[in-house]
Structure formats: C-alpha cells, structure tokens
Number of protein chains: 2
Amino acid sequence: MKVQTTSYRELIARQGLRVTPQRMAILEAVHKIGNHPTADQITDFVRKAHPNIASGTVYHVLDTLVQHQLIKRVTTDRDVMRYDGIMESHHHLYCLECNDIQDYVDVELNALLQEYFKSKKIEGFEIKEFVLEIKGTFNKCKNR
Amino acid sequence: MKVQTTSYRELIARQGLRVTPQRMAILEAVHKIGNHPTADQITDFVRKAHPNIASGTVYHVLDTLVQHQLIKRVTTDRDVMRYDGIMESHHHLYCLECNDIQDYVDVELNALLQEYFKSKKIEGFEIKEFVLEIKGTFNKCKNR
DNA sequence: GTGGTTGCAAACCCTTTGCACGGCA
DNA sequence: TGCCGTGCAAAGGGTTTGCAACCAC
C-alpha cells in the first residue's frame with residue numbers, strides 16, 4: 001500500500017519530464033495528504049522539507065502533473081482547486097454538510113456503467129471516463 | 001417548453017422569498033442562457049434589462065437561489081462558478097477539448113443507479129442525489 | 001552548455017463584504 | 001412602516017504571470 005519515494009522519480013521520468021526535487025515533493029504530498037488537498041495544503045506540506053518553494057511553483061507543478069496524468073483535479077462547486085493522486089477509476093462522495101469529498105471505489109459500479117454505455121451510445125460524443133458524484137451526508141454530520 | 005415570466009415570480013414566492021425584479025431577471029437569465037452560464041454571463045444578460053444591477057447583487061442572488069433550490073451550482077475543475085437552471089435529476093458531459101459542459105438527461109440511467117444503490121448501501125453515508133460526470137470529447141472537437 | 005524550472009513578487013480577476021439607500025410585503 | 005434586498009466600492013484571496021537565476025539532462 002505504501003508508495004516508495006523512488007516511485008515518484010520513476011513516474012515523473014516516465015512522462016518525459018525533468019525530475020526535480022519540487023516535482024517529486026509535490027507528487028508525494030498529493031499522495032501522502034490524501035483526501036483531495038488544496039494547493040494551499042500541498043504548499044504547507046512541501047515546505048516542511050523545502051521551505052523556499054514558491055506558491056507559484058506549486059501551482060505550476062500541479063498543472064504539469066495534471067497535464068501528464070500523474071494527478072487529477074477534483075471537480076467541486078466551490079472556488080478552490082483540489083487534487084487527487086488516485087489515478088484508477090473511482091467515484092466521489094460529496095457531503096452536503098461538511099463539504100468533505102471522500103473517495104468511493106466500486107469496481108462493480110464501474111463495470112455496470114461500462115456495460116450500460118456499451119449499448120447506449122451518446123450521439124456525437126466519445127466517452128473517455130466516468131466519475132459519479134454521490135451527494136448526501138455522512139452520518140457523523142447529520143446533527144449540526 | 002417555453003417558461004413564462006410569471007412562473008419565475010411564482011417559483012420565487014413559493015420559496016417564501018421576496019419577489020424582486022433582480023431575482024426574477026437572474027432566474028430567467030440562468031434558464032434562458034442555458035449551457036451553464038458563469039456569473040459574468042448572467043450579469044451581462046441581466047444588464048440588458050437592468051443596466052444598474054451590481055455584480056455583488058448577482059452573486060448574492062445566485063447564492064440565495066441555490067440555497068432555495070431554484071438553481072444548482074455545476075461542479076467544475078476550473079475556478080469559475082457555473083450555474084444550472086434544470087432542477088430535475090440529470091447528468092453532465094464534460095468535453096476535454098473545448099471545456100464545454102452539456103446536460104445529459106437519461107431516465108433509464110437514473111433508474112439503474114437508484115436500483116444499484118438500493119441494494120448496495122454505502123457505510124455511514126446517506127445518499128441524496130447522483131450526478132454522473134461523463135468525460136470525453138465531442139466529435140466536432142476531435143481535430144484541434 | 002542550454003533550455004526547461006524555480007523563486008519572488010506583483011498583477012489579475014472572480015467573489016465576498018460593509019454600509020447606506022431603496023423598495024417589497 | 002419595518003426590514004430585507006440592492007447598489008456601490010473596496011477588500012479579499014486564490015491563481016496566474018513575468019523575469020532573472022538556477023539546474024537537470
């Protein structure tokens with residue numbers, strides 16, 4: 001389950017990107033923080049080891065990583081960007097109370113959707129990926 | 001298919017909100033513009049009839065309408081807010097090329113998801129609503 | 001060596017906020 | 001009339017940009 005530091009180097013190099021300490025640290029941060037960190041949280045995390053990293057660099061690197069499919073941007077209805085290190089197909093639980101976004105992995109659901117859209121084409125549109133937004137409330141958030 | 005202006009008045013009043021020209025105009029704008037307008041597009045549209053409306057008011061009213069479930073916010077991975085006047089359960093096509101977001105209505109899909117989650121509960125989470133993000137490319141955007 | 005990356009800081013722009021006036025109920 | 005809603009303008013804050021120094025290849 002634990003990802004080795006060396007893996008980050010490989011992942012970056014494999015994309016034909018230059019391997020820099022900042023890129024490795026940011027990719028590591030997105031994985032280690034988990035729970036869809038904001039750029040701000042990532043910056044804080046990375047500064048523990050790289051105190052001088054500029055926030056502009058963080059945004060720039062995050063953008064590069066997204067473009068090379070090493071991380072994803074999470075869709076939200078708010079105005080801060082969140083990132084996700086899990087590249088396997090998965091879904092998201094949006095809590096309407098605490099605004100937290102949790103991963104929801106469900107292989108069976110993936111298969112169901114794949115199967116459904118195998119027969120039901122969408123006119124003029126080629127599907128690459130699904131993400132189901134499941135909106136509701138965590139039980140722990142019920143009484144607030 | 002066409003929504004009467006009087007309907008907007010009713011929709012607003014039904015929520016126990018004061019009916020103001022600005023609220024009617026903004027609710028109308030979200031419906032008439034369609035295609036998930038930004039606050040900016042909405043402001044432009046509304047100013048044709050209400051040249052003096054303040055952008056602060058537009059944001060404030062949009063927020064009120066969202067809270068009273070007269071419109072929805074659309075989730076995006078970018079940093080501008082988009083709004084949606086369709087309140088019935090539906091899904092979204094995200095074009096990875098042109099970044100356009102199109103509505104996708106599919107009653108059969110709704111039923112399929114309802115059915116699936118009737119038997120498959122999510123531990124500690126109560127589901128209120130689904131939105132499937134379908135990411136891909138429109139055929140018209142293929143060669144860019 | 002050299003072209004892509006980073007650090008820094010200012011600019012940007014979307015959104016929020018505070019306050020006084022205005023208009024809906 | 002009372003109070004919520006609006007207009008205005010400034011503040012706020014997340015993200016982008018420009019440029020010189022730096023460093024991975």
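All values below were derived from every heavy atom in this structure, side-chain atoms included, with hydrogens, water molecules and symmetry-related copies excluded. Here the structure is a predicted model, which means the values were calculated and not measured.
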* To do: In whole angstrom, give the distance that lies between atom CE of Met24(A) and atom C1' of dA24(D).
  => 11 Å
* Asked: In Å and rounded to the nearest 0.5 Å, what is the OG to CZ distance from Ser89(A) to Phe130(A)?
  -> 8.5 Å
* Does the side chain of Gln22(B) get closer than 4.0 angstrom to OP1 or OP2 of dG7(D) through an N or O atom? -> yes
* To do: Please work out whether the ring planes of Phe117(A) and Tyr104(B) are parallel, tilted or perpendicular, with thresholds of 30° and 60°.
  => tilted
* Asked: Does the pair Lys142(A)/Glu97(A) count as a salt bridge with the N-to-O cut at 4.0 Å?
  -> no
* What does the inter-axis angle of the helix from dG1(C)-dC25(D) to dA25(C)-dT1(D) come out as, five pairs per end, nearest 10 degrees? -> 50°
* **Partner of Asn110(A) under side-chain hydrogen bond (donor to acceptor under 3.5 Å, both in side chains), chosen from Glu88(A), His91(A), His90(A)** => His91(A)
* Leu17(A) CG - dC25(D) P separation (whole Å) -> 10 Å
* **Atom-pair distance (CZ on Arg23(B); C1' on dG7(D)), nearest Å** => 15 Å
Report all interatomic pairs (protein N or O, nucleotide N or O of nucleotides 14-18 of chain C) with separations under 3.5 Å.
{"residue": "dT15(C)", "atom": "OP1", "partner": "Met81(B)", "partner atom": "N", "Å": "2.8"}
{"residue": "dT15(C)", "atom": "OP2", "partner": "Tyr59(B)", "partner atom": "OH", "Å": "2.3"}
{"residue": "dT15(C)", "atom": "O5'", "partner": "Tyr59(B)", "partner atom": "OH", "Å": "3.4"}

* Nearest-angstrom distance from the residue atom CG of Asn52(A) to C1' of dC23(D) -> 15 Å
* Does the Arg73(A) side chain pair with the main chain of Val66(A), one donor and one acceptor, at a distance under 3.5 Å? -> no
* Asked: How is Pro51(B) classified with respect to the nucleic acid when contacts are heavy atoms under 4.0 Å: base, sugar-phosphate, or nothing?
  -> nothing
* Structure fact -> Result for side-chain contact (heavy atoms from CB on, under 4.5 Å) between Leu93(B) and one of Asp100(B), Ile134(B), Thr137(B) points to Ile134(B)
* Atom CD of Gln15(B) to atom P of dC4(D): distance rounded to whole Å? -> 18 Å
* Starting at atom NE2 of His50(B), determine the distance to atom C1' of dC8(D), rounded to an integer number of angstrom. => 18 Å
* Lys72(B) with Glu129(B): basic N within carboxylate O range, under 4.0 Å -> yes
* To do: State which residues pass ring pair (Phe, Tyr, Trp, His ring centres under 6.0 Å) with His50(B); sequence neighbours excluded, sorted by chain then number.
  => none
* Considering only side-chain heavy atoms of Thr20(B), which listed nucleotide, dG23(C), dA24(D), dT6(D), is closest? -> dT6(D)
* Asked: Between atom CD1 in Ile53(B) and atom P in dC21(C), what is the gap in whole Å?
  -> 21 Å
* **Pairing of Lys121(B) and Glu123(B) as salt bridge, 4.0 angstrom limit** => no
* To do: Specify the separation, in whole Å, of atom CD of Gln67(A) and atom P of dT16(D).
  => 11 Å
* Ala54(B) side-chain proximity, nearest of dC8(C), dC23(D), dC8(D) -> dC8(D)
